[in-house]
Amino acid sequence: MKRVLVAMTALAGVTVWQAPAASASVPLKDITDRYVGSAVAASYLANEPDYRAVLTREFDNVTPENEMKWGTVEPVRGQFDWSGADAIVRYAQEHHKTVRGHTLVWHSQLPDWVAALPAGELRRVLRDHVMTEVKRYKGKVRAWDVVNEIFNEDGTRRDTVFRQKLGDGFVADVFRWAHAADPAATLYINDYNIEGINPKSDAVYDLVKTLRREGVPIGGVGIQAHLSIQYGFPAEYRENLARLTKLGVDVAITEADVRIPTPPDAAKLDTQASYFGRLWDGCMAFRRCVEFTTWGFTDRHSWVPGVFPGEGAACLFDENLHPKPAYFRINP
Ligand code: G3I
């Protein structure tokens, strides 16, 4: 449920935080009835008051960027570290924000000890992992990215250690385990390059249809939406949202960013703004597009430059936390 704008100015004569002069008067989270989120890192939340203030003002969902991944929570068998995830969930509760859990089963950031397990043991360990994590945050995580990036670009299944050892059926299993651990959480399949209609999004569509028919408790499709202005806006985005929502599931934009060749200039920022705007407008056009989450909100912290050298500036706010043209395209 959405809340009304709370003005933050001065408390007992001390300025808590003031929006940058150019910021819109109504925060993003208050211009729609959908959840508006950002990926966050526990360390920035703890150490950067300005980061925390903008997050608190503008968003009402948080997705831990790395803190809930298997490699973070159990890097060594039996040695758990929930500190980052706990801190983010605590922040969310204190500030009345929802949490998107990210992610239970992913081939990346997977500890070596998991990958090395024989099939029978892997199945038990996978079930324990899923159920332990979901139970820990039962009632505190609104939606989970249960499986992440299980398809190749051509629509075939990615050949992960889970598929090799457990077969494709592991996907239905993990949804059932997660549902048993928290029946109220909405359970998603999540992937990138599935914004438009293409072989990969066809495969996601077909799988969701099959799983629903079989009674597997899948409740949503997460569309990551890592875009680049170099490759054009995804074709048939709205047609894809239409067919997915017709399956009776929710859709969420889960990791939106729009990277540009650096350095940014006015024309590039304009194109970026139009991409963000089209992503946003498309989501708002469908009642069952329930969430619009960006993968970080400030160019100060973004995964993009490290992975795509020569590209960056992919977020709605610049390094100094000033809203960019893309922000004002969404929230004029
Ligand atoms: O925390 C360690 C630190 O202790 C160590 O010194 C350092 C040395 O490399 O690594 C740190 O971990 C890094 C972690 O981010 C936290 O900063 C990992 O190396 C790095 O690989 C990891 O990258 C994350 C990436 O997923 C992992 O593949 C990115 O931050 C994160 O934004 C990115 O997020 C993914 C989504 O989960 C799924 N969709 C795509 C998206 C972008 O790649």
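Just follow the structure's listing: the first ligand is 1, and inside any ligand the first atom is 1. Quick note: residue numbers are just sequence positions, from 1. Just so it is clear, the model here is predicted, and its values are computed rather than measured.
Protein heavy atom at the shortest distance from atom 33 (C) of ligand 1 is Lys69 NZ, 3.7 Å. From the protein, the heavy atom lying nearest to atom 15 (O) of ligand 1 is Asn66 ND2, 3.5 Å. The protein heavy-atom contact nearest to atom 32 (O) of ligand 1 is Glu65 OE2, 2.4 Å. Scanning the protein for heavy atoms near atom 34 (O) of ligand 1, the closest one is Trp295 NE1, 3.2 Å.
Counting protein heavy atoms under 4.0 angstrom from atom 10 (O) of ligand 1 gives zero. For atom 21 (O) of ligand 1, the nearest protein heavy atom is 4.0 Å or more away. For atom 26 (O) of ligand 1, a protein heavy-atom neighbour is present inside the 4.0 Å cut-off. When distances from atom 13 (C) of ligand 1 to the protein are checked, no heavy atom turns up under 4.0 Å. There is a protein heavy atom less than 4.0 angstrom from atom 41 (C) of ligand 1. Protein heavy atoms are absent from the space less than 4.0 angstrom from atom 6 (O) of ligand 1. In this structure, atom 2 (C) of ligand 1 is not in close contact with the protein, since no protein heavy atom lies within 4.0 Å of it. Contact annotation for atom 30 (O) of ligand 1: protein present (non-hydrogen atoms, distance under 4.0 Å).
Both Leu110 and Ile150 belong to a common hydrophobic cluster when Ile, Leu, Val, Met, Phe, Trp and Tyr are linked at side-chain heavy-atom distances under 4.5 angstrom. Trp113 is connected to Trp82 through a chain of hydrophobic side-chain contacts under 4.5 Å among Ile, Leu, Val, Met, Phe, Trp and Tyr, so both are in one cluster.
Side-chain contact between Tyr192 and Lys200 is present, with at least one heavy-atom pair separated by less than 4.5 Å. Taking 4.5 Å as the limit, some side-chain heavy atom of Trp295 sits within range of a side-chain heavy atom of His226.
Defined by atom type and a distance below 3.5 Å, a donor-acceptor pair is present between the side-chain atoms of Glu48 and His301. Defined by atom type and a distance below 3.5 Å, a donor-acceptor pair is present between the side-chain atoms of Asn193 and Glu153. There is no side-chain donor-acceptor pair under 3.5 Å between Arg100 and Thr63. Judged purely by distance below 3.5 Å, without hydrogens or angles, the side chains of Trp303 and Asp257 pair a donor atom with an acceptor atom.
Here's the thing with Trp106: none of its N/O atoms is less than 3.5 angstrom from an N/O atom of ligand 1. Inclusion of Trp303 in the set of residues having an N or O under 3.5 Å from an N or O of ligand 1 is not warranted.
Taking every non-hydrogen atom of Glu255 and a distance limit under 4.0 Å, the qualifying atoms of ligand 1 come out as 36 (C), 38 (C), 39 (N), 40 (C), 41 (C). Heavy-atom contacts of Ser108 reach the following atoms of ligand 1: 28 (O) (cutoff under 4.0 Å). When each atom of ligand 1 is checked for a heavy atom of His102 under 4.0 Å away, the hits are 36 (C), 37 (O), 38 (C). Near Gln109, the atoms of ligand 1 lying under 4.0 angstrom from a non-hydrogen atom of the residue are 22 (C), 25 (C), 26 (O), 27 (C), 28 (O). Within the listing of ligand 1, atoms 39 (N), 40 (C) sit less than 4.0 angstrom from a heavy atom of Gln224. Near Glu149, with a cut-off below 4.0 Å to any heavy atom, the atoms of ligand 1 are 38 (C), 39 (N), 40 (C).
With a 4.0 Å heavy-atom cut-off, ligand 1 is reached by the side chain of Asn148 but not by its N, CA, C or O.
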Decide yes or no on side-chain hydrogen bond (donor to acceptor under 3.5 Å, both in side chains) for Asn190 and Thr254, but give the supporting numbers first.
CA-CA 8 Å; Asn190 190 49; Thr254 54; 2.8 Å; yes

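Under a cutoff of 6.0 Å and an axis angle of 45°, Arg259 and Phe308 form a cation-pi pair.
In this pair, Phe276 and Phe292 present their aromatic rings tilted. The plane angle is within the 30 to 60° band. The aromatic rings of Trp70 and His129 lie parallel to each other, with less than 30° between the two planes, well short of the 60° mark.
In this structure, the ring of His179 has its center no less than 6.0 angstrom from the ring center of Phe175.
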